[in-house]
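In what follows, every heavy atom counts, from backbone to side chain, and hydrogens, waters and symmetry copies are set aside. Counting begins at 1 with the first residue of the sequence. It should be emphasised that the depicted structure is a prediction, and the values quoted were computed from it without experimental measurement.
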Amino acid sequence: MYSATIKSLLVLTALTPIALVYAWVSAAEGYYWTSAFLCVASGVLTVSCWLILFHADRHIESFPFEFSSVEPADQENISFILLYLSPLFLDQLKDINFNVLVPSLIVYGLLTATSYTLQYNPLISLMGWHFYKVTAKEGVTYVLLTTKQIKNVDRIAKVGQLTGYMLIDLSE
């Protein structure tokens with residue numbers, strides 16, 4: 001199982017599309033250094049996310065897991081898409097109140113990283129992974145990351161524990 005630092009990094013990678021939208025807006029307004037910084041930060045976060053999933057898929061300890069129920073967990077994507085597009089609704093980049101934005105993002109990241117939730121991450125979805133809510137035979141609910149589209153729970157035989165309540169499919 002990975003630490004809270006890795007979970008925090010995964011939460012931070014969910015903000016990558018927002019950074020790219022802000023980069024677009026700042027470049028359109030002539031803030032090229034800000035745009036370049038946001039693009040580089042997005043690139044670093046994207047590579048970090050890929051490396052975490054790559055490492056976990058190959059090195060995390062696997063164990064058998066029996067499901068009692070499975071359902072897709074990608075439904076939260078509409079609210080994130082609206083959040084990601086919100087910078088486009090500003091008149092100008094200077095209208096952003098960074099005194100509110102930065103602490104809000106920090107609080108969001110800390111709450112998500114320290115709680116038992118992991119919000120939808122479109123970056124992981126773009127990499128071909130799917131989110132599922134799975135319930136173990138004991139009644140505990142987890143989020144399962146897999147590259148498969150689950151139609152039959154028997155296809156998932158082995159999983160690894162990525163974070164406290166997040167599993168990764170390690171079946172062949």
Side-chain angles (χ1 to χ4, degrees), residues 1-23 38-85 104-172:
M1 180 169 66
Y2 286 126
S3 67
T5 305
I6 297 297
K7 186 175 179 187
S8 300
L9 189 56
L10 285 173
V11 168
L12 195 57
T13 63
L15 302 176
T16 300
I18 297 172
L20 291 174
V21 172
Y22 274 106
L38 290 171
C39 287
V40 168
S42 296
V44 168
L45 288 172
T46 301
V47 169
S48 297
C49 183
W50 183 82
L51 287 172
I52 290 168
L53 294 176
F54 180 81
H55 182 270
D57 193 39
R58 284 155 180 75
H59 297 99
I60 202 166
E61 181 182 347
S62 68
F63 57 90
F65 191 81
E66 293 186 32
F67 303 94
S68 64
S69 69
V70 176
E71 66 179 90
D74 293 353
Q75 297 95 348
E76 293 86 7
N77 60 2
I78 297 300
S79 61
F80 268 91
I81 289 171
L82 290 174
L83 177 65
Y84 294 151
L85 296 178
S104 298
L105 289 176
I106 290 170
V107 168
Y108 166 78
L110 288 173
L111 286 174
T112 306
T114 57
S115 68
Y116 294 124
T117 62
L118 182 72
Q119 297 294 325
Y120 171 76
N121 189 329
L123 187 58
I124 294 174
S125 293
L126 286 172
M127 293 178 182
W129 292 82
H130 304 284
F131 294 80
Y132 291 92
K133 288 181 187 175
V134 296
T135 304
K137 298 274 187 200
E138 298 82 23
V140 179
T141 302
Y142 296 90
V143 173
L144 174 71
L145 277 177
T146 181
T147 54
K148 302 175 183 128
Q149 290 195 8
I150 300 177
K151 295 179 182 163
N152 181 357
V153 294
D154 295 336
R155 289 186 63 198
I156 310 295
K158 294 198 180 266
V159 298
Q161 194 160 9
L162 198 57
T163 63
Y165 289 93
M166 180 174 246
L167 305 173
I168 187 169
D169 175 19
L170 299 176
S171 302
E172 306 264 326

Practice task
Heavy atoms only: give me the nearest Tyr142-Ala136 pair and the separation to one decimal.
Solution key: CE1-CB, 4.2 Å
Practice task
Please report the shortest heavy-atom distance between Lys148 and Ser171, naming the atom on each side.
Solution key: NZ-CB, 3.4 Å
Handout entry: Donor-acceptor under 3.5 Å (His55 side chain, Leu51 main chain)
Key = no
Completion exercise
The ring pair (Phe, Tyr, Trp, His ring centres under 6.0 Å) partners of Phe54 (sequence neighbours excluded) come to Trp50
Handout entry: Nearest-0.5 Å distance that lies between atom OG1 in Thr147 and atom CH2 in Trp129
Key = 5.5 Å
Exercise for the section: Answer yes or no: is there a side-chain heavy-atom contact under 4.5 Å between Thr141 and Val134? Expected result: no
Practice task
Under the side-chain contact (heavy atoms from CB on, under 4.5 Å) rule, what do Leu145 and Met166 come out as? Steps first, then yes or no, please.
Solution key: CA-CA 8 Å; Leu145 277 177; Met166 180 174 246; 4.0 Å; yes
Practice task
Report yes if some heavy atom in the side chain of Ile124 is under 4.5 Å from a heavy atom in the side chain of Leu53; otherwise report no.
Solution key: yes
Problem - Interatomic spacing from OG in Ser125 to CE in Met127 - rounded to 0.5 Å - result: 10.0 Å
Problem - Phe67 side chain near Lys137 side chain, heavy-atom distance below 4.5 Å - result: no
Fill in the blank from the handout: Separation between CD1 (Ile52) and OG1 (Thr13), nearest 0.5 Å, reads 7.0 Å
Handout entry: Derivation and outcome, side-chain contact (heavy atoms from CB on, under 4.5 Å), residues Phe131 and Leu144
Key = CA-CA 6 Å; Phe131 294 80; Leu144 174 71; over 6 Å; no
Handout entry: Test item: Glu138 and Ser68 side chains (from C-beta on) under 4.5 Å apart, heavy atoms
Key = no
Exercise for the section: Drop me the distance from Leu123's CG to Leu20's CG, to the nearest 0.5 angstrom. Expected result: 9.0 Å
Completion exercise
Nearest heavy-atom contact between Ala23 and Leu38 is N-CD1, 3.6 Å
Exercise for the section: Find the distance between CD1 (Ile168) and OG (Ser62) and round it off to the nearest 0.5 Å. Expected result: 11.5 Å
Problem - Distance, nearest 0.5 Å, that separates CG of Leu167 from CD1 of Ile60 - result: 9.0 Å
Practice task
Report yes if some heavy atom in the side chain of Val159 is under 4.5 Å from a heavy atom in the side chain of Leu170; otherwise report no.
Solution key: no
Problem - Sequence-distant partners of Gln149, side-chain contact (heavy atoms from CB on, under 4.5 Å), two or more places apart - result: His130, Tyr132
